[in-house]
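Whatever order the structure lists them in is the order used to number ligands and atoms, beginning at 1. We count residues from 1, following the sequence as given. Hydrogens, waters and symmetry mates are skipped; everything else that's a heavy atom, side chains included, is used.
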Amino acid sequence: MAQLRLEIVTPDQVVLSTDVDYVGAPGVDGEFGVLAGHIPLLTALSIGTLLYRNGNVEDLVFVAGGFAEVANNKVTILAQAAELAENIDIERAERAKARAEERLSKKQQDGIDIARAELALKRAVMRLNIAKQ
Ligand code: ATP
């Protein structure tokens with residue numbers, strides 16, 4: 001029986017609110033896993049994949065930065081952006097990837113914000129990885 005509550009919230013919406021057995025999330029210092037009884041934790045998130053398991057069902061969620069809090073058998077993810085795998089728009093991510101690659105290829109000429117383009121590329125590649133799994 002599930003013993004953990006998982007809530008994933010963005011500035012726009014509640015992306016997921018469900019009972020789970022396990023959550024694996026992309027912390028800035030590396031992936032971390034949460035089972036029932038986990039000690040309280042507050043950490044920043046990187047751009048990556050959150051995995052949750054309930055019984056023998058596993059699902060993936062894209063998360064792009066923000067924070068995770070674990071307390072009282074509840075995992076709260078406050079993400080800048082988050083999408084369930086089935087809601088990822090693959091064509092949009094392909095376009096974002098192409099735009100970011102184009103910007104990065106021109107970095108010598110027009111002084112674009114490289115860090116910003118690299119982050120956009122990372123988001124797009126991660127979305128595509130998750131959507132295609
Ligand atoms: P884009 O350039 O396509 O907007 P982005 O990486 O800059 O991509 P974000 O800033 O991460 O986009 O997200 C902005 C909003 O758009 C968020 O609500 C996010 O969930 C949504 N979003 C972005 N890309 C996708 C996608 N490929 N599929 C579904 N939702 C997406």
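Residue contacts with ligand 1, taken as heavy atom pairs separated by less than 4.0 Å, do not involve R95 at all. Here I90 has no heavy atoms under 4.0 Å from ligand 1, in either its backbone or its side chain. Proximity of A64 to ligand 1, defined as any heavy-atom pair under 4.0 Å, is not found for any part of the residue.
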From CA spacing to verdict: side chain to side chain donor-acceptor pair (under 3.5 Å), R5, T18: CA-CA 6 Å; R5 187 81 188 161; T18 189; 5.4 Å; no
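Per-residue contacts place D12 under 4.0 angstrom from the following atoms of ligand 1 (heavy atoms of the residue considered): 18 (O).
Counting only heavy atoms of the protein, atom 28 (N) of ligand 1 lies nearest to D89 N, 2.8 Å. The protein heavy atom nearest to atom 6 (O) of ligand 1 is R123 NE, 2.6 Å. With hydrogens left out, the protein atom closest to atom 8 (O) of ligand 1 is R127 NH1, 3.9 Å, a heavy atom. The shortest contact between atom 17 (C) of ligand 1 and any protein heavy atom is with A81 CB, 4.0 Å.
Using a 4.0 Å cut-off between charged nitrogen and carboxylate oxygen, R95 and E102 do not count as a salt-bridge pair. Ion pairing of E118 with K122 is absent here, as no side-chain N (NZ or NE/NH1/NH2) approaches a carboxylate O to less than 4.0 Å.
Evaluated by nearest non-hydrogen atom to atom 15 (C) of ligand 1, the leading choice among R92, R116, E83 is R92. With atom 2 (O) of ligand 1 as the reference point, the heavy atom nearest to it among R99, E91, Q80 is part of R99.
As a member of the Ile/Leu/Val/Met/Phe/Trp/Tyr network built from side-chain separations under 4.5 Å, L51 groups with Y22, L35, I47, L60, F62, I88, L119, M126, I130.
The environment of E91 atom CD is sparse: at most 12 non-hydrogen atoms of other residues, nucleotides or ligands sit within 6.0 angstrom.
Taking each heavy atom of K97 and L128 in turn, the nearest pair found is CD-CD1, 3.7 Å. Closest approach of A82 and V15 over heavy atoms only: O-CG2, 3.7 Å.
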